[in-house]
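I have placed the structure first, in the form of structure tokens, so that the comments after it can refer back to it.
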Amino acid sequence: MLSETQYFLTEQEKGAFINGKFHTDIVGDFVNVVNPATESVLAKVPICNAPIVNKAVEAAYDQLEKGVWSKLLANQREKMLLDYAGIIESHSAELAELLVLEHGKLLTDAKKEVAAAVNCFRYYAGWSTKLEGSTIDVSLSGGDHFAYTKREPVGVVGAIAPWNVPIMMFAWKIAPALACGCTVVFKPSEETPLTALRLAELSLEAGIPNGVINIVTGKGETGQAIIEHPLISKITFTGATDTGKIIGQNAAKLLKEFTLELGGKNPVLVLDDADFTKVPAGVSKGIFYNQGQVCVSGSRLYLPKKRFDNTLADMASIAKKMKLGSGLEKETQLGPVVSESHFNKVMGYIEAGKKDNIELVAGGEPWKEKGFYVEPTIFANTANKEVSVATDEIFGPVITAMPYDGVEDLLQKANATEYGLAASIWTTNLKNAHYFADKVKAGIIYVNSAVRSDPNLPLGGFKQSGIGQELGKSAIEGFTKLKSVCINYS
Ligand code: NDP
């Protein structure tokens, strides 16, 4: 283990990070952060209650209204975000290792996640100096009025994140919020709070003033206290659809702005003109990357009838050869899922699939006694039954394949879900690519690829997969309020 990681885990006292300091004097309940590869306890963090959340929100509000942050010029914010990106980059090795320890993902993927967060901060640094409004023609009497719009920070942002890509979530929410001049109270998932705490601590090295980024650890009650705080103006939430519904209702009752990035049961549409030399590996990557714990993973696979058996045989051969193990071991291709409760949920779905008599083509068992490992699992639902492995978001390394018969049948099946987050289309025909990209109801469509993101590419769900969008210019719109100014110069 790197000495910095060791120090952070064993020496550094960790509490909520408020106003530039760890608050280690919090009394009450704590939650253990567990390494999913070994089941050993890495650290414990407090469950922050409403008075602690209040301290964090007040620190953020002070900076927003009257602190150094509120007085910075746009290019000074830009410089701070660029400096922050550089500092995160210089701590990449340590952050990636900490991420593997708290989450279980592969070290190579953890390094890519840190690099993606660095890119995200650099991308949004540039937006700091590009906020703009418009001049507006108004037809007011006398013709002697001048009107314009401008963008202002939405206020103190309450950010509530899941555990699947903890460093990326930190960047996706905090980078655009800061670029817009907002300040933030961020609640990481109880499963993976350590990287957020370390990232917040590192923000001070970039000169980001105390109180601009605050972290409150805890469970749902902590998130609830953020939403209910009167000085929070906007909630940005990523997580499960059921949680999102509660959060949306609570935020709406208090007339707060909110965006919800929610779950998916994403279809993979393999057309009969696809390049079948690439499909098995591409689709496998799309479901087994990060142990299937990605909101845009393709978990419902639609194959043409005549290609069904061969393609599944190729995928089963890939799955059976995958090397399971700790994310820190070089040869590992699939790590553990994030926690014991999530392991039980994923295994529960697999057992339900078996009971529903869906053919198991690969995997289906836990691996190793210690650690939360699930074999890469493939079901063949040849009769297209309405069963939970085919309809529910499992958020694990589990894919269910179904045959289809013709274009309209494929489209009907792909859209027959309450979700609408992502879809992946495999074809060599440009016309088909556009046709399906238009007709599939999902917020992001991948053609001949899967599970990709770019800071400039907006991500948001249709139907039960969310409201609003993250990334790109959309996030800038989400963290600002448009103000209209009308001047009578007569
Ligand atoms: P959850 O919805 O369980 O939790 C998300 C966050 O919300 C956690 O920090 C959680 O706290 C908190 N929370 C739970 N209940 C409440 C509440 N009542 N009020 C306020 N906050 C609350 O999701 P998971 O962490 O299990 O993440 C997996 C889900 O996230 C999947 O459904 C996945 O699809 C979705 N996701 C969506 C993405 C997208 O961009 N659309 C991207 C990534 C994931 P805690 O867990 O600490 O108790």
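All ligand and atom numbering here is 1-based and tracks the order in the structure. Just so it is clear, the values below take in all heavy atoms, side chains as well, and ignore hydrogens, waters and symmetry mates.
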Among protein heavy atoms, which sits nearest to atom 32 (O) of ligand 1, and what does the distance come to when rounded to 0.1 Å?
E393 OE1, 2.6 Å
Distance-only side-chain donor-acceptor flag, T5 / E97, under 3.5 Å
yes
Going by heavy atoms, is G218 under 4.0 Å from ligand 1?
yes
Find out whether the Lys NZ or Arg CZ of K463 is both under 6.0 angstrom from the six-membered ring centre of Y419 and within 45° of the ring's axis.
no
Looking at E4 and R198, is any side-chain nitrogen of the basic one under 4.0 Å from a carboxylate oxygen of the acidic one?
no
Check each atom of ligand 1 against the heavy atoms of Q224 and keep those under 4.0 Å away; list them by number with element.
19 (N), 20 (C)
Identity and separation of the nearest protein heavy atom to atom 41 (N) of ligand 1:
L262 O, 2.8 Å
Test side chain to side chain donor-acceptor pair (under 3.5 Å) applied to E261 and T238, step by step:
CA-CA 5 Å; E261 298 295 336; T238 303; 6.0 Å; no
Indicate yes or no: does an N/O atom of T241 lie under 3.5 Å from an N/O atom of ligand 1?
no
Would you mind running through ligand 1 and noting each atom that sits below 4.0 Å from a heavy atom of G223?
20 (C), 21 (N)
Heavy-atom distances under 4.0 Å are what count here, so tell me which part of L459 touches ligand 1: side chain, backbone, both or neither.
side chain
When rounded to the nearest 0.5 angstrom, what is the spacing between CG in N164 and NE2 in H103?
6.0 Å
Sub-3.5 Å N/O-N/O distance, F237 and ligand 1
no
Protein heavy-atom partner closest to atom 17 (C) of ligand 1 - residue, atom, separation in Å
G220 O, 3.8 Å
If the condition is ring pair (Phe, Tyr, Trp, His ring centres under 6.0 Å), which residues does Y289 pass it with, not counting sequence neighbours?
none
Check each heavy atom of T238 against ligand 1 and say whether those closer than 4.0 Å belong to the side chain, the backbone, both or neither.
both
Is the shortest distance from a Lys or Arg side-chain nitrogen in R122 or E89 to a carboxylate oxygen in the other one below 4.0 Å?
yes
Tell me whether the guanidinium CZ or amine NZ of K44 lies under 6.0 angstrom from the six-membered ring centre of F30 and within 45° of its axis.
yes
Starting from atom 11 (O) of ligand 1, which protein heavy atom do you reach first, and at what distance in Å?
K187 NZ, 3.0 Å
Students should be able to answer this: which protein heavy-atom is nearest to atom 12 (C) of ligand 1, and at what distance?
I160 CG2, 3.7 Å
Check Q293 against ligand 1 and report side chain, backbone, both or neither, counting heavy atoms closer than 4.0 Å.
neither
Taking distance alone, with N or O pairs closer than 3.5 Å, would you say K219 contacts ligand 1?
no
Where ligand 1 meets L421 - atom numbers and elements under 4.0 angstrom, heavy-atom basis:
41 (N)
Verify the contact flag for atom 4 (O) of ligand 1, where contact means a protein heavy atom under 4.0 Å away.
no
Is S189 near ligand 1, meaning one of its heavy atoms is under 4.0 Å from it?
yes
Distance-only donor-acceptor check, side chains K105 and Q293, under 3.5 Å:
no
For atom 26 (O) of ligand 1, find the nearest protein heavy atom and state the residue, atom name and distance (0.1 Å precision).
W163 NE1, 3.1 Å
Suppose we screen for ring pair (Phe, Tyr, Trp, His ring centres under 6.0 Å). Which residues come up paired with Y373, at least two apart in sequence or across chains?
W367
Ring-face cation of K234 near F479 (centre distance under 6.0 Å, axis angle within 45°):
yes
Would you kindly specify which portion of I247 sits under 4.0 Å from ligand 1, judged on non-hydrogen atoms: side chain, backbone, both or neither?
side chain
Close approach of E191 to ligand 1, heavy atoms, under 4.0 angstrom
no
Taking it one step at a time, do I227 and I247 satisfy side-chain contact (heavy atoms from CB on, under 4.5 Å)?
CA-CA 8 Å; I227 298 163; I247 286 175; 3.7 Å; yes
Indicate yes or no: does an N/O atom of W172 lie under 3.5 Å from an N/O atom of ligand 1?
no
In terms of side-chain heavy atoms, does Q224 have a donor or acceptor partner in N250 at a distance below 3.5 Å?
yes
Does atom CZ of F343 have more than 12 heavy-atom neighbours from other groups under 6.0 Å away?
yes
Salt bridge check: are E365 and K354 linked by an N-O gap of less than 4.0 Å?
yes
Check if A161 has a non-hydrogen atom at a distance under 4.0 Å from any atom of ligand 1.
yes
Taking 4.0 angstrom as the limit and counting only heavy atoms of G263, give me the atoms of ligand 1 inside it, by number and element.
32 (O), 34 (O)
Nearest-contact summary for atom 28 (C) of ligand 1 - protein heavy atom, Å:
F395 CE2, 3.6 Å
Part of N164 with heavy atoms under 4.0 Å of ligand 1, whether side chain, backbone, both or neither:
side chain
Subset of ligand 1 atoms that lie under 4.0 Å from at least one heavy atom of A240
1 (P), 2 (O), 23 (O), 29 (C), 30 (O), 32 (O)
Answer yes or no: does atom CD of Q333 have more than 12 heavy-atom neighbours from other residues, nucleotides or ligands under 6.0 Å?
yes
For atom 35 (C) of ligand 1, state which one of G239, A159, P162, C295 supplies the nearest heavy atom.
G239
For T243 and ligand 1, does the shortest N/O to N/O distance drop below 3.5 Å?
yes
Look at the rings of F121 and F170 and say which category their plane angle falls in: under 30° parallel, 30 to 60° tilted, over 60° perpendicular.
tilted
Protein heavy atom at shortest distance from atom 47 (O) of ligand 1:
E190 N, 2.6 Å
